[in-house]
Amino acid sequence: MKHSDDYSNEKFKRRAISVEEAQKRVMQYGKPGAAEFVLLSEAHGRFLAESLHAPHPFPHFRRSGMDGYAVVSADTKNCAEDEIVWLRVVDEIPCGQVSDHIIASGLAARIMTGAQVPEGADAVVMLEATRQREERGDVYVGLKKKVEPGNNVTPVGYELKEGQLLLEQGRQLGAGEISVLASFGIHSVPVVRKPRVAVISTGSELLAVDEPLQPGRIRNSNSFMLAVQIREAGGEPYILDSVQDDVEAARRTVLDALSGFDYVVTSGGVSVGDYDIMGDLVRQEGVNLLFNKITMRPGSVTTAAVIDEGLLFALSGNPGACFVGCELLVRPVIRTMLGAQQPFLPRWEVLLGADYHRVNNFTRFVRARTEIRDGRIYAVPAAVDESSVMISIKDSDCLIVIPPGTGQLRTGDKIEIIKLEGGGS
Ligand SMILES: Nc1nc2c(c(=O)[nH]1)N[C@H]1C(S)=C(S)[C@@H](COP(=O)(O)OP(=O)(O)OC[C@H]3O[C@@H](n4cnc5c(N)ncnc54)[C@H](O)[C@@H]3O)O[C@H]1N2
Ligand code: MOO
Ligand SMILES: [Mg+2]
């Protein structure tokens with residue numbers, strides 16, 4: 001095989017930019033997505049497309065907080081252990097029913113938790129604090145303790161007044177938000193359409209996951225890993241067939257995908273090897289290369305380009321670098337398109353859980369696991385975290401950010417982590 005190893009050519013000369021600059025460049029393409037309506041039962045995890053306001057107060061009636069008796073609190077002002085006040089019980093109010101009695105002085109209504117407190121009553125006394133007696137067909141309730149106005153009565157609008165902000169645009173819908181929507185009868189929910197993201201692995205060595213091993217070949221794990229990361233970010237991943245290390249075949253597949261999906265994410269072939277076809281592809285005519293080198297490890301060769309107005313993320317094939325590239329670059333673009341209030345993963349200041357010696361001239365994102373020791377959060381770096389290592393990704397719930405030029409770090413040193421969101425156990 002003949003090589004023209006001119007290391008001064010474009011393939012080898014790459015201008016490295018910072019992670020922040022790379023994020024800025026790709027996020028320009030995270031245009032807000034269109035809205036669509038989904039059923040409440042399908043809304044979990046989606047992002048709200050518009051702010052919603054309370055169509056009515058909540059609760060919308062005065063609600064009993066106890067099983068007991070609705071009373072006029074003033075009637076109880078002289079109550080004492082040896083001074084039982086007896087009130088005549090005029091109604092029994094189960095949940096969901098409204099009494100047509102007005103509770104005047106001297107009267108009470110038996111009432112259940114969650115039922116509407118009848119007019120005239122301004123307090124509820126719990127069942128356990130009362131005694132009952134019957135006299136000539138009438139039922140009386142006896143009270144020994146003074147109650148204050150409002151006791152065990154939840155006022156109208158206690159949780160939310162009519163017109164108050166329920167949920168703001170860009171909010172991701174979890175259990176609490178879904179409960180709010182249900183309570184206010186919002187059964188068809190305006191959410192942002194999920195970005196559709198094509199995932200394409202490149203590499204002639206790749207086997208499908210159901211193929212038996214062959215010498216020198218490996219199964220394609222990146223496509224499946226990326227699909228999960230994209231789904232966790234809020235996107236809809238589509239795993240397309242892997243492509244061989246053939247630049248024309250890759251170009252056709254990528255162009256086709258760019259026309260049918262919001263974003264295309266590839267893995268592999270971005271370094272300087274003879275078969276690193278994605279590196280070649282983004283140097284072709286008509287491609288607006290956003291960057292092909294970032295001052296970070298892993299993933300220094302992470303590349304992004306715009307082709308026919310479509311955004312291509314060409315991530316490194318090394319699983320560790322592929323993972324980090326997706327979290328740091330693909331995720332915030334997906335989240336921006338979803339209108340998320342915070343497109344970036346949270347950064348925490350924590351303590352280092354073990355000595356760390358590796359020094360680098362690029363920012364290093366070290367896979368790590370958080371744990372609590374004596375009430376403080378530590379991040380313990382993975383024992384093996386080379387870019388080529390796949391196995392420790394599953395054991396990590398954060399990335400320790402080590403700025404360039406940092407010397408030896410010791411257990412207990414203050415460090416910054418990026419908290420990852422997904423994960424298994
Ligand atoms: N001479 C140099 N060699 C390398 C450099 C360099 O600067 N100069 N950079 C190294 C770094 S850093 C990285 S990271 C890798 C980047 O590699 P590529 O993005 O070109 O990826 P590939 O060559 O296609 O594959 C690398 C590695 O990953 C495995 N792989 C690829 N796809 C998958 C997949 N879908 N699932 C699982 N594993 C996958 C592949 O088999 C290779 O082992 O380059 C270094 N070299
Ligand atoms: O791009 Mo490589 O992952 O820096 O090690
Ligand atoms: Mg390569």
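Both ligands and their constituent atoms are indexed starting at 1 by order of listing. Position 1 is the first residue of the sequence; numbering continues from there. Remember, predicted model here, so these are calculated numbers, not experimental data.
- Around atom 23 (O) of ligand 1, the closest heavy atom drawn from Asp276, Asp274, Leu207, Val209 belongs to Asp276.
- Nearest to atom 40 (C) of ligand 1 among the protein's heavy atoms is Glu205 OE2, 3.0 Å.
- Using a 4.0 Å cut-off between a side-chain N of Lys or Arg and a carboxylate O of Asp or Glu, Asp355 and Arg410 qualify as a salt bridge.
- For Gln284 and Arg251, the side-chain atoms include at least one donor-acceptor pair closer than 3.5 Å.
- Per-residue contacts place Val301 under 4.0 angstrom from the following atoms of ligand 2 (heavy atoms of the residue considered): 1 (O).
- Against a heavy-atom cut-off of under 4.0 Å, Ser387 is close to the following atoms of ligand 2: 2 (Mo), 3 (O), 5 (O).
- Contacts between Ser271 and ligand 1, counted as non-hydrogen atom pairs separated by less than 4.0 Å, involve both the backbone and the side chain.
- Cation-pi geometry between Lys31 and Tyr29 is satisfied (NZ or CZ under 6.0 Å from the ring centre, within 45° of the ring normal).
- Nearest residue to atom 2 (C) of ligand 1 from Asn220, Val272, Val301, Ile277 is Val272 (criterion: closest heavy atom).
- Residues Arg331 and Glu232 are not paired through a salt bridge, judged by the lack of any N-O separation under 4.0 Å between the basic side chain and the carboxylate.
- The closest non-hydrogen atom to atom 12 (S) of ligand 1, taken over Ser300, Ser388, Gly268, comes from Ser300.
- Here Val270 has heavy atoms under 4.0 Å from ligand 1 in both its backbone and its side chain.
- With hydrogens left out, the protein atom closest to atom 33 (C) of ligand 1 is Asn222 ND2, 3.3 Å, a heavy atom.
- Cation-pi geometry between Arg196 and Tyr238 is met: under 6.0 angstrom from the ring centre, within 45 degrees of the axis.
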Side chain to side chain contact (heavy atoms under 4.5 Å, CB included) evaluation trace for Leu52 with Leu48: CA-CA 9 Å; Leu52 299 174; Leu48 213 50; 4.1 Å; yes
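- Look at Arg46 and Glu36 and you find a salt bridge, because one of the NZ, NE, NH1 or NH2 atoms lies within 4.0 Å of a carboxylate O, short of that distance.
- When non-hydrogen atoms are compared, ligand 1 lies under 4.0 Å from the side chain of Ser387 (C-beta onward) but not from its backbone.
- You'll find the side chain of Ile417 stays beyond 4.5 Å of the side chain of Val401, heavy atoms only.
- Note on Glu21 versus Arg25: salt bridge recorded, some NZ/NE/NH1/NH2 to OD/OE distance being below 4.0 Å.
- At the top of the distance list for atom 38 (N) of ligand 1, counting protein heavy atoms only, stands Ile218 CD1, 3.3 Å.
- Taking every non-hydrogen atom of Ala321 and a distance limit under 4.0 Å, the qualifying atoms of ligand 2 come out as 3 (O).
- Of all the atoms in ligand 2, the ones that sit under 4.0 Å from a non-hydrogen atom of Pro298 are 3 (O), 4 (O).
- Under 4.0 angstrom from ligand 1, the non-hydrogen atoms of Ser267 all belong to its side chain.
- Among Gly317, Cys322, Ser221, the residue whose heavy atom lies closest to atom 30 (N) of ligand 1 is Gly317.
- Using a 30° and 60° split on the angle between ring planes, His56 and His60 fall in the perpendicular class, above 60°.
- Counted within 6.0 Å of CZ on Phe61, heavy atoms from surrounding residues, nucleotides or ligands total more than 12; the atom is thus considered enclosed.
- Aromatic ring orientation, Tyr263 versus Phe313: perpendicular (interplanar angle above 60°, classes split at 30° and 60°).
- Set against the non-hydrogen atoms of Leu206, the atoms of ligand 1 under 4.0 Å away are 32 (N), 33 (C), 34 (C), 35 (N).
- Both the backbone and the side chain of Ser300 come within 4.0 Å of ligand 2, judged by heavy-atom distances.
- Taking every heavy atom of Arg297 and a limit of under 4.0 angstrom, the matching atoms of ligand 2 come to 4 (O), 5 (O).
- Ligand 2 has Gly299 within reach: a non-hydrogen atom of the residue lies less than 4.0 Å from it.
- Val71 places a side-chain heavy atom less than 4.5 Å from the side chain of Val147.
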Side chain to side chain contact (heavy atoms under 4.5 Å, CB included) assessment of Arg369 paired with Ser396: CA-CA 5 Å; Arg369 183 146 202 107; Ser396 316; 5.9 Å; no
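- With hydrogens left out, the protein atom closest to atom 15 (C) of ligand 1 is Asn318 ND2, 3.5 Å, a heavy atom.
- The protein non-hydrogen atom at the shortest distance from atom 22 (P) of ligand 1 is Gly269 N, 3.6 Å.
- Close approach of ligand 1 to Ser201 (heavy-atom distance below 4.0 Å) involves ligand atoms 35 (N).
- Protein heavy atom nearest atom 16 (C) of ligand 1, with residue, atom name and distance: Ser316 OG, 3.4 Å.
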